[in-house]
Number of protein chains: 2
Amino acid sequence: MCHGVYIMDISDNTIKRICSIFGSLSAMEKRGVEFVSSKELAGYIGSTEYTVRKDISILGVTGYTRRGYEVSGLKKELECKLNLSKKKKACIVGLGRLGTALLDYEKFQEDGFEIVAGFDCSINRIERLNTHIEVFQISYLKDTIQQRSIELGIIAVPAKSAQEVADDLIEAGVKGILNFAPVKIGVPKHIIYLEMDFTNALRFIAARSSL
Amino acid sequence: MCHGVYIMDISDNTIKRICSIFGSLSAMEKRGVEFVSSKELAGYIGSTEYTVRKDISILGVTGYTRRGYEVSGLKKELECKLNLSKKKKACIVGLGRLGTALLDYEKFQEDGFEIVAGFDCSINRIERLNTHIEVFQISYLKDTIQQRSIELGIIAVPAKSAQEVADDLIEAGVKGILNFAPVKIGVPKHIIYLEMDFTNALRFIAARSSL
DNA sequence: ACACATTAGTGAAATAATTCACTATTATAC
DNA sequence: GTATAATAGTGAATTATTTCACTAATGTGT
Ligand SMILES: NC(=O)c1ccc[n+]([C@@H]2O[C@H](COP(=O)([O-])OP(=O)(O)OC[C@H]3O[C@@H](n4cnc5c(N)ncnc54)[C@H](O)[C@@H]3O)[C@@H](O)[C@H]2O)c1
Ligand SMILES: NC(=O)c1ccc[n+]([C@@H]2O[C@H](COP(=O)([O-])OP(=O)(O)OC[C@H]3O[C@@H](n4cnc5c(N)ncnc54)[C@H](O)[C@@H]3O)[C@@H](O)[C@H]2O)c1
């Protein structure tokens, strides 16, 4: 952690918005933008200027009156507060359609997430894969995670195997899990867990738009 | 809409939880489970029994004392209230690694979302695709959406094209958009919009676990 | 130099969401 | 049949979050 801020006291909503802000800042930095106001940031992330200012001030970061926030300065501060400066190693379990799409997605790398291994239970599938990431049979999961100090596990196996895979990942020592299988996985409190359920997303859109 | 409930007055949080509950109920129904308590449901979706009961009662659905909710009954009620009973037609724009993974994902079909078309700007790519879904060059987007009454658009193009694609989808008449490009798209108020940003998800996990 | 407009910072107010506390009901055990 | 325990339903209390209202600072135009 950086200094002065107890990130565990900050709400999930704030952390999620700060992550979005961070993404917007990266894009702006690339475009050479120097300053950005809370109002503009709010537009980029779909929030309000009040909330953006409060979120940023919760992290103890300040801007400049009449100019807003200095883009690369704010980005560095957020990086530090959110502990995003260090590259993080991740692995993907389940190298089917979705898993292989994720495997070679370059943007993870750009954003500091390095996919250093892929796992699948099917030797056939592994042998047929054409990727520059190293892929292993699932039985090597624990050893590989420990040898390479992999901290993040991404689950892309069928729902019925997801819990089992998660248990193995946790036993091997990952600190966080991103789950793409459409099922809620149980994890101990010290493991950070997030689910991306595309079907639920479509349901939400359908419900809200009363199709 | 069903009757008696004004879905637009219900909070996003409640709708999202109800969507998750719906997913859990589908799984339970398949396993032949007959009754489920608010406590169990809370466990499945990662919430509390109080919140689950309140959410369900907001929709005007009731359970049975000492037994909980009747699984298939509750599922039918939610289906009706959330307007999930009718099959919804969707299309995918951008048939790269992610788009093609989504294209043939059978579970969408099972859950009432029918992918009826795919679009890409690259003729080469389209010709090389091996799928049972019909795929088109992007210039056919508007006509196809209108002829087939497609109501949902799924965006899987690079970030820099996402806004343009969204504008075309909206002009063609979709009611909702699910965006996988890591950029916030601006849409008019009557369009339901949801973003799935995997990088932000990883950032959240990294921040929370202080890797 | 001065007035004005813009913008961050922030405590207070308002709003929203969750949790609690309690009631009523009913299945189960004895 | 009665006691008990489990569970939904729900208004009230609590807690969390967002929005507002105001201050202070400072860049811009005249
Ligand atoms: N394909 C999509 O677009 C999509 C969309 C939404 C959700 N999902 C979810 O993502 C997950 C993967 O989907 P997919 O379409 O890639 O499926 P898939 O069947 O193409 O691939 C699954 C892979 O997991 C491997 N696997 C199965 N059990 C395993 C285990 N115990 N350990 C290691 N590997 C194992 C299989 O060999 C296979 O390669 C599923 O849970 C699915 O519901 C996929
Ligand atoms: N691959 C992943 O695992 C992954 C993960 C997270 C996010 N994403 C996001 O999803 C999107 C797609 O990723 P991908 O890896 O599949 O990329 P990709 O480059 O493999 O595919 C993009 C496809 O979009 C097509 N395309 C480009 N511009 C278009 C336009 N204007 N109209 C129609 N088609 C167009 C291209 O021809 C290509 O087929 C990107 O925004 C990416 O950031 C992908």
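Chain letters run A, B, ... following the sequence lines, proteins first, then strands; residues in each count from 1. FYI, side chains are in, hydrogens and waters are out, and symmetry mates aren't considered; it's all heavy atoms of this structure.
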Round to a whole Å and report the spacing from OH of B:Y50 to C1' of D:dA6. 14 Å
Check for me whether A:K184 meets the cation-pi criterion with B:Y44, that is, NZ or CZ under 6.0 Å from the six-membered ring centre and within 45 degrees of the ring axis. no
Respond yes when some side-chain nitrogen or oxygen of B:R17 is under 4.0 Å from OP1 or OP2 of C:dT18, and no when none is. yes
Protein-nucleotides 25-30 of chain C N/O pairs under 3.5 Å:
| unit_1 | atom_1 | unit_2 | atom_2 | d |
| --- | --- | --- | --- | --- |
| C:dA27 | N3 | B:R66 | NH1 | 3.1 |

Selection from C:dT19, D:dT19, D:dA8 that lies nearest to any side-chain heavy atom of B:T48: C:dT19
Strictly below 4.0 Å, N to O, side chains only: are A:R203 and B:D111 in salt-bridge contact? yes
Please determine whether a side-chain nitrogen or oxygen atom of A:T51 lies at a distance below 4.0 Å from atom OP1 or OP2 of D:dT19. yes
Among D:dT10, C:dT19, D:dT17, the one nearest any side-chain atom of A:S11 is D:dT17
Short side-chain N/O contact from B:T62 to OP1 or OP2 of D:dA8, under 4.0 Å: no
d(CD1, B:I10; P, C:dA16) in whole Å: 15 Å
Separation of C:dA12 atom P from A:K54 atom NZ, nearest Å, is 11 Å
Nearest atoms (heavy-atom pairs only) where A:I191 meets A:V187: O-CG2, 3.8 Å
From CZ of B:R53 across to C1' of D:dT7 the rounded distance in Å is 7 Å
